[in-house]
Amino acid sequence: MNRGKTLKEIRKNKGFSQLILSKEIVSQSTYSKYEAGRIDIEVEKYIKLLNKLNISLEEFEYIHNERIYRKKKDIVQQFFLLNHNDIEKLTLLKVKTAEYLQIENDLEIKEIRLICEALIQLNLENINEAKEIIKPIWERISKYDQWYLSDIRLINTVLFLFPVDIAIEFTENVLKRLNKYNSFRDTDLLKSAFNINLSLLVIMSGDYSTALSIINDSLSQYKRKMNYYILALHFSRKAICHFHLGYKDSAIFLEKAFQLLRLYEDEEYFERIQLEFIKYTTVHDQELK
């Protein structure tokens with residue numbers, strides 16, 4: 001089904017005539033040809049037509065694709081919700097990307113496939129191999145004067161493969177660039193995700209004061225915009241920092257994280273956070289011995 005036909009269905013359902021909808025945007029004859037699938041129209045005018053119908057581009061694409069998300073959207077959503085420590089799920093998603101790429105050549109799916117492979121290697125403690133795998137992605141994005149949200153989301157998933165100083169500098173640049181998207185949905189959530197990923201890098205480097213500062217700033221600015229699991233990660237990593245800095249309330253913040261995950265009955269994230277806390281506090285104990 002062409003997009004013009006989908007637009008026609010929405011227009012008729014909302015009681016618009018071709019003349020009323022197209023007025024001051026395109027000529028009626030041009031619009032009529034678009035509905036018939038005979039021509040395309042400029043993106044700017046296409047968006048104006050959707051705005052006049054009070055339909056977002058995202059909703060239109062959802063309707064156009066017969067009310068189910070395309071395979072690509074499903075892969076992208078799975079990837080950004082995936083526990084990156086789960087080799088089995090990473091492997092399954094990698095298989096899905098390969099199947100999709102046999103049908104359609106798509107850069108974003110190609111790079112998700114590379115990142116899945118890099119994360120698998122990272123979980124196998126092959127960090128140098130992981131860095132080599134993602135190098136083409138970084139080389140592509142580093143050439144851009146402007147990073148777009150899709151690029152920023154991808155880099156965020158592999159931020160921990162960069163040296164701490166580069167990751168901090170990169171995050172600072174990203175947060176500045178994201179200010180251009182302040183009115184865009186989920187921008188604050190993306191900022192908080194960058195901060196919490198950066199905090200783990202800094203924790204791994206042993207700079208707990210800086211990590212705690214990053215976490216507290218993120219909580220101060222974005223707490224009300226966070227997903228429950230991002231908020232839980234903020235509390236659990238704050239607990240790790242307090243543990244190393246000798247504060248006596250470490251267990252309180254860890255329990256806050258657990259309470260959130262119990263509320264949402266998220267056993268997978270509960271286990272992930274529990275294991276992460278043990279890992280980054282036990283290492284400290286072993287180093288003292």
Side-chain angles (χ1 to χ4, degrees), residues 43 70-87 89-182 184 186-205 207 210-211 214 218 230:
V43 173
R70 291 177 297 145
K71 287 183 179 180
K72 176 180 176 178
K73 186 116 184 177
D74 182 52
I75 289 171
V76 172
Q77 286 180 333
Q78 284 187 47
F79 175 71
F80 286 114
L81 292 174
L82 196 62
N83 178 353
H84 294 164
N85 295 322
D86 192 324
I87 292 181
K89 288 184 178 179
L90 285 166
T91 303
L92 288 173
L93 188 57
K94 184 183 167 187
V95 170
K96 282 188 177 183
T97 62
E99 291 172 349
Y100 182 88
L101 290 168
Q102 288 180 350
I103 302 169
E104 187 172 345
N105 186 22
D106 185 281
L107 178 61
E108 186 175 15
I109 299 301
K110 280 183 178 178
E111 293 187 337
I112 285 176
R113 186 171 187 270
L114 286 177
I115 293 173
C116 284
E117 179 57 33
L119 292 168
I120 290 169
Q121 293 302 321
L122 190 67
N123 278 292
L124 296 173
E125 298 186 359
N126 298 327
I127 189 165
N128 290 331
E129 288 87 341
K131 287 180 177 179
E132 282 299 311
I133 290 167
I134 66 156
K135 187 181 289 185
I137 302 174
W138 173 245
E139 288 176 349
R140 175 183 69 81
I141 294 175
S142 63
K143 295 175 184 176
Y144 294 171
D145 293 327
Q146 170 65 44
W147 294 320
Y148 297 96
L149 291 179
S150 58
D151 299 319
I152 290 171
R153 288 190 181 102
L154 280 179
I155 285 294
N156 188 36
T157 63
V158 291
L159 190 66
F160 45 84
L161 288 174
F162 297 102
V164 174
D165 56 340
I166 293 175
I168 290 174
E169 182 182 357
F170 180 81
T171 300
E172 288 173 350
N173 287 332
V174 164
L175 294 178
K176 288 176 184 176
R177 294 185 187 211
L178 281 174
N179 287 333
K180 295 181 180 179
Y181 290 89
N182 274 343
F184 197 84
D186 293 341
T187 299
D188 286 341
L189 181 60
L190 186 53
K191 288 179 178 180
S192 66
F194 254 96
N195 278 320
I196 199 60
N197 285 350
L198 180 62
S199 74
L200 183 58
L201 258 179
V202 181
I203 284 171
M204 291 167 67
S205 74
D207 188 351
T210 299
I214 291 169
S218 186
I230 294 292

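Counting from 1, the numbers follow the sequence of the chain as shown.
In this structure, CD1 in Ile112 is found 10.5 Å from CG in Leu82, a value given to the nearest 0.5 Å. One distance of note links CG of Leu159 with CG of Leu200; it measures 10.0 Å at 0.5 Å rounding. Note that OG of Ser205 is 7.0 Å distant from CD1 of Ile168, once rounded to the nearest 0.5 Å. The structure places CG of Leu119 at 6.0 Å from CZ of Phe79, a figure rounded to the nearest 0.5 Å. Leu101 contributes atom CG, which lies 7.5 Å from atom CD1 of Ile75 (distance to the nearest 0.5 angstrom). Note that CG of Asp106 is 10.5 Å distant from OG1 of Thr97, once rounded to the nearest 0.5 Å.
Taking each heavy atom of Ser192 and Ile230 in turn, the nearest pair found is OG-CG2, 3.8 Å. Among all heavy-atom pairs drawn from Tyr100 and Lys72, the shortest one is OH-CB, 3.4 Å. Considering every non-hydrogen atom in both Ile115 and Ile137, the closest pair reads CG1-CD1, 3.6 Å. Taking each heavy atom of Phe80 and Thr157 in turn, the nearest pair found is CE2-CG2, 3.8 Å. In plain terms, the two heavy atoms of Ile214 and Asn195 that are nearest each other are CG2-O, 3.5 Å. Of all non-hydrogen atoms in Ala130 and Ala118, the two that sit nearest each other are CB-O, 3.3 Å.
By the 4.5 Å heavy-atom criterion applied to side chains, Leu149 and Leu178 are counted as neighbours. Put simply, the side chain of Lys131 does not reach to within 4.5 Å of the side chain of Lys135, judged on heavy atoms. Between Leu114 and Ile134 there is no side-chain heavy-atom pair separated by less than 4.5 Å. Here the side chains of Ile152 and Ile141 are not in contact, with every heavy-atom distance at 4.5 Å or above. Using a 4.5 Å heavy-atom cutoff, the side chains of Asn105 and Lys110 are in contact. Arg140 places a side-chain heavy atom less than 4.5 Å from the side chain of Asp151. Put simply, the side chain of Val174 does not reach to within 4.5 Å of the side chain of Ile155, judged on heavy atoms.
Relative ring orientation between Phe194 and Phe170 is described as tilted, the plane-to-plane angle lying within the 30° to 60° band.
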Derivation of the side-chain contact (heavy atoms from CB on, under 4.5 Å) call for Asn123 and Asp86: CA-CA 8 Å; Asn123 278 292; Asp86 192 324; over 6 Å; no

Full working for side-chain contact (heavy atoms from CB on, under 4.5 Å) between Leu124 and Ile120: CA-CA 6 Å; Leu124 296 173; Ile120 290 169; 4.2 Å; yes

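Looking at Leu198, Ile203, Val202 one by one, the single match for side-chain contact (heavy atoms from CB on, under 4.5 Å) with Thr210 turns out to be Val202.
Counted within 6.0 Å of CD on Glu129, heavy atoms from surrounding residues, nucleotides or ligands total more than 12; the atom is thus considered enclosed. Residue Glu139 qualifies as enclosed at atom CD: its count of foreign heavy atoms under 6.0 Å is above 12.
A donor atom on one side chain and an acceptor atom on the other are found under 3.5 Å apart for Asp74 and Gln78.
Comment: Glu99 does not engage Lys96 in a salt bridge, judged by the lack of any side-chain N to carboxylate O separation of less than 4.0 angstrom.
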